[in-house]
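Inspection log for the structure reproduced underneath, given as structure tokens.
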Amino acid sequence: MHANGTFEVKLTPQPVDGDAPAIGRMSIDKQFHGDLEGASKGQMLAAMTSVKGSAGYVAMEQVTGSLHGRAGTFVLQHSGTMTRGAPQLIVSVVPDSGTAELAGLAGTMAIVIADGKHSYDFEYTLAGAG
């Protein structure tokens with residue numbers, strides 16, 4: 001199955017523990033619109049390098065809302081790198097993280113940023129959905 005729409009995201013820098021100043025931490029607060037209606041909260045860790053355009057991040061976010069009218073929660077796991085400006089990003093549903101009507105959810109989400117606007121393209125399967 002396929003879902004798409006837009007989202008707004010607010011990233012808020014958080015204090016970093018320990019002696020790793022090259023690693024930043026941010027809270028994630030998103031609002032989803034379209035086939036996925038809801039909100040998410042999460043945490044992101046990011047590292048910049050001395051080479052312009054090279055960086056990496058990981059994140060976990062819990063989404064609460066409805067997907068094509070089915071209500072529940074699920075967790076998205078992000079793994080992203082940028083190599084001298086060339087991005088590579090994988091955002092996938094954590095296995096068995098779906099609850100309520102989203103139990104059995106699996107899939108991957110592509111994030112598109114164009115003209116300052118964020119959108120998503122979510123390819124998924126849902127056990128028991130017809």
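For the numbers below, each heavy atom of this structure counts, side chains included, while hydrogens, waters and symmetry mates do not.
- Residues Arg25 and Pro15 approach most closely at NH2-O, 2.9 Å, considering heavy atoms.
- Side-chain atoms of Tyr120 and His33 form no donor-acceptor pair, as typed in the model, at a separation below 3.5 Å.
- Linking ILVMFWY side-chain heavy atoms closer than 4.5 Å, directly or via other members, places Phe74 and Ile111 in a single hydrophobic cluster.
- If you run side-chain contact (heavy atoms from CB on, under 4.5 Å) between Tyr124 and each of Val93, Leu102, Leu36, Leu105, only Leu105 comes through.
- Between Val94 and Leu76 there is no side-chain heavy-atom pair separated by less than 4.5 Å.
- A continuous path of ILVMFWY side-chain contacts below 4.5 Å connects Tyr57 to Val63, so both sit in one hydrophobic cluster.
- Judged purely by atom type and a 3.5 angstrom limit, Glu101 uses its side chain to pair as donor or acceptor with the backbone of Ala71.
- Side-chain contact annotation: Asp35 with His2, donor-acceptor N/O pair under 3.5 Å absent.
- Taking NE2 of His68 as the start and CE of Met1 as the end, the distance is 8.5 Å to the nearest 0.5 Å.
- The environment of Met48 atom CE is sparse: at most 12 non-hydrogen atoms of other residues, nucleotides or ligands sit within 6.0 angstrom.
- Side-chain contact annotation: Ser119 with Thr6, donor-acceptor N/O pair under 3.5 Å absent.
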Please report the C-alpha distance between Phe122 and Leu67 in whole Å, then the side-chain angles of each, then the deciding distance to 0.1 Å, and finally whether the side chain to side chain contact (heavy atoms under 4.5 Å, CB included) criterion is met.
CA-CA 10 Å; Phe122 191 20; Leu67 178 60; 3.8 Å; yes
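- Here NZ of Lys30 is found 13.5 Å from CD of Gln62. Values are rounded to the nearest 0.5 Å.
- You'll find the side chain of Lys41 stays beyond 4.5 Å of the side chain of Ser27, heavy atoms only.
- Between His78 and Glu61, the side chains place a donor N or O and an acceptor N or O closer than 3.5 Å (distance only, hydrogens not considered).
- Side-chain atoms of Ser54 come within 3.5 Å of backbone atoms of Arg84 as a donor-acceptor pair (strictly under, hydrogens ignored).
- Looking at Thr12 and Lys10, their side chains come closer than 4.5 Å, going by heavy atoms from C-beta outward.
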Verdict with reasoning, His118 to Val9, per side chain to side chain contact (heavy atoms under 4.5 Å, CB included):
CA-CA 8 Å; His118 291 78; Val9 60; 3.9 Å; yes
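- Of the candidates Asn4, Asp121, Val91, Met109 forms a side-chain contact (heavy atoms from CB on, under 4.5 Å) with just one, namely Val91.
- Connection of Met26 to Ile28 is established within a shared hydrophobic cluster, with ILVMFWY side chains joined at heavy-atom distances below 4.5 Å, either directly or through further cluster members.
- A pairwise comparison of heavy atoms in Gly72 and Ala100 identifies CA-CB, 4.1 Å as the closest pair.
- Residues Val58 and Ile23 share a single hydrophobic cluster, defined by chaining ILVMFWY side chains whose heavy atoms lie under 4.5 Å apart.
- Under a 3.5 Å cut-off, the side chain of Thr73 and the backbone N or O of Thr64 do not form any donor-acceptor pair.
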